[in-house]
Amino acid sequence: MNQRTFSDYVADLDQFAGNLALTSRSFLKIERVTHHELRLRSYQTAHYLIASGVQRGDRVMVVATNSPEWVELLLGTLLIGGVLVPVDASSSAEVTMRFARETSPKIVFAGRNLHLDGGSDFATHFLDELGALVADSPRSAPAVAVEPEWPAVIVFTSGTTADPKGVVLTQENILANIAGILARIDVGQDWRLLSVLPLSHMYEMSGSLSVLARGASIFYMPRVTPQAIVQSLGDYQINVMLAIPQLLSLMLERIQQTAQERGQAKLFQTTLRIAGHLPFALRRILFHSVHSQLGGCLRIVVTGGAPIPIDVATTWERMGVLMVQGYGLTETSPILSGNGLSERRLDSAGRALDNVQLRIGEDGEIQAEGPSVFHGYWHDESATRAAFTEDGWFRTGDVGRLEDGWLFIQGRLKFAVVRSSGLKVFPEDVEVVAEKEPLIREICIVGLKDQKGESVLAVLVADGPDQVVNDAIARINAQLEPFQHIDGWRRWPESDFPRTRLLKIDRRQVEEWANAGEAVAPAKPGRFEAGEDPLVHVIRLSLDDPGAVINDSDRLADLGLDSLRRLTAISMLEEQLGVSISDDAVTPETTVEELRQLAGEGSPVEASVRAPHWPYWRWVRFVGNGLRETVLRGIVRIWVRTSVEGGEGLADFKGPALFIFNHSDDFDGPVVYHALPRTIRTRLAVATADDVLRDHKMLALLARVCFAGFSFARSEPYLPSLEYVGEMVDRGWNVLISPEGRLSTTGRLQPFKSGIGLLAVSLGVPVIPVKTIGLAGTVPLHAKWPKRRSRVTVRIGQPMYFGPQMNYADVTEALYRAVEDL
Amino acid sequence: MIGIDLVSIPEFRRQLEIGGANLVKRAFGEAAVQHRDVDQLAGMWAAKEAVYKAAEAPSQSLTNVMITLDASGSPHASFEGQRFAVSLSRTAEYVVALAMRLEK
């Protein structure tokens, strides 16, 4: 695999033509892109960009969350020698416009949440419309002879706001890093990677491109929340993640919390100690319950972005998950060193990649050289000069040591607070803003270390009471990017800071004091707890006031949360904490503290809809189908004689389709099932009421084995059930479902739940109405055995098709009439 | 009783963006997630709030108000067995809803 440019890279995707490359989910529908399709779509994107006037060296900006389109746009841009400028999707319109002014892109592709007006400077499109935009473009390689040294991306470092530096990486830089990564980590075709980090970071971009280069598969979530991650790990049978330490700490906390709730905290700790001496396979068995929480397949986590605390890494390893740590910077495309899958040290950032050379310079600074090291910043020659030594090695600004080739990171040359997310906050950026506040006489920003990483602490020499200082801090925060926010503050105990010989504040001393803990009593820690508190975060977001001061005793109404904002805050809180909160419990009079309690007590949203996979194993289907066609069919016939009308056209019908029927009797599932043609029956799953599956074990087993039954919610929340139907259809299953939701006791058709209309329009599969006549009363509600024998007519209607633009309520109505009129 | 509510459409849009599908689901029921027309959702929100005020009910139980269109296209609402006439008026920036209880 010798790829000089991305033309080679994209062409090589066809080695794995049929493999699944990218999967994403939007509402009920799953989008899947194979490697072959990715190649063709990249070509189409390339042609589209050419037609839009993008030429070699022209910039294309993308400000959107991860999706297959994002990757297609990246490859399409590189194929014609364009330069992609990725910007973090959560950036505000102002920040985005500033990057746009810096790089003057031809086109900007944005997410739905961003409304940009490029005027005559650039065109804007929504990234999710890329598919439609390129649909008519040719599916052949564009005729552009790309050269390795052409710039490929400009990535802005998360550094100083006053002075964002655009890192220019060439095609060769990125491809060299991919080759280096793959030489260190043997990515397999069977890797299923869950994408949790933004593609606008080189770590995720190069990581994703490496994984795709080996024919493996990447999965995207509509929203990245802890809850969505846990759910997706199972849904997609994920075995690999690229993660930052913060996420791993968070997930670990949850696992330990669950153990505690089950009264197994001690057992958990003991098992952990023992597990250290066991092989990985045994560890996975020991921690089976943990792994089933994590979907059961997660084996490898590649961490980067910030150093992972050794105890977190050790705990994960003892539970049987391989932790592979690496190190790098945006300027180095990004990986410089990394552990391998077999040769690993948890305390080290690994060895230099095969095509990277590392050395330790003066002051212990790590310096690097190799084909993945960038050549310069965008339009910033002085910064570029400062970034390299006289003999041309890149200065990382990090301090470390090398022992037998293993790299150990010790700290930073320059002061910066490194959040656990890997984002760096440079004290000067915050201090410049703070100095405008008259009552703050001196300020020194330092990093406050905790188990997860660092938070931003302001150490102050200030006049006035705490309340006034709080307000000042709030005003400062309002002028900063969210990741730069001051998380807390303390007063310096003397009238001035310690100074260096050049009369600069001695940051090291202040930082040591701040981290010395209890020994030095902080001036009242203040009620100001920003950043880390999700409740404060969502309220601020909802108010669109990042600096708002929020006290626990404040009533929501007083904070300015009207009914809509209140609901927004609850909705976000639920997603972030993975709990469900009843909105009836939250009124304008609710205080912040009460809401915090509600969120704490909120019932954890159970992943109860995660259906077992075993009913769809081949041999289970074999046994189940056999039992159904012989024994069960015979039993049903004792009570019900069925004659079938219609449905002749279904003989050659392939499906998948939704079959809907009137629910007039507890026996109708089996009766309708048998009335459908055999070709349908072999792949027909029945939506079974969740309470039935839960409460009647024997019935549940029967439904799952013989009728490929899956759980369908009868009450809110419906969405997970609807999504599961989407998944079944996606896997090629026909689904039999009763849209009434409840057995009709009158024999008359009850109104349909609108979910069926929603399914019909969003899945885009045909719906076939079925009606049973004369069955009602055979097994009435709550009866255990059939009460009478009946002669039943099953009428099968014509398939109905609905376009995605149709109103689901109208479709529900149309389906109702179709069943009624049969 | 009558009730009135004014909704700023850009602000409403912002809330939907940050609150996402979960918010839409809570405010308008699961089926509305598919609904992409922010203007229309803003109108529905205003109508609901106006109905709560007309009903003298606290603004909660958000999916309990049913809003329907009659044959002539004018909106009606029902809430806890009471019926309401609703009238909407909008500009690019704002939508205002007026609700009046029809009978006790």
Proximity breakdown for Ile756(A) and chain B, heavy-atom pairs closer than 4.5 Å: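 When you check distances to chain B, no heavy atom of Ile756(A) falls under 4.5 Å.
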What do you reckon, is CZ of Arg83(B) surrounded by more than 12 foreign heavy atoms closer than 6.0 Å?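 No.
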Around atom CE of Met97(A), are there more than 12 heavy atoms of other residues, nucleotides or ligands at under 6.0 Å? yes
Could you pull out the closest heavy-atom pair between Arg14(B) and Leu543(A), with the gap in Å?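 That would be NH2-C, 3.9 Å.
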Looking only at non-hydrogen atoms, find the nearest pair between Ser563(A) and Glu49(B) and report the distance. OG-OE1, 2.9 Å
Distance from Leu564(A) atom CG to Lys48(B) atom NZ, nearest 0.5 Å? 11.5 Å
How many angstroms lie between CG in Leu23(B) and OG1 in Thr568(A), if you round to the nearest 0.5 Å? 4.5 Å
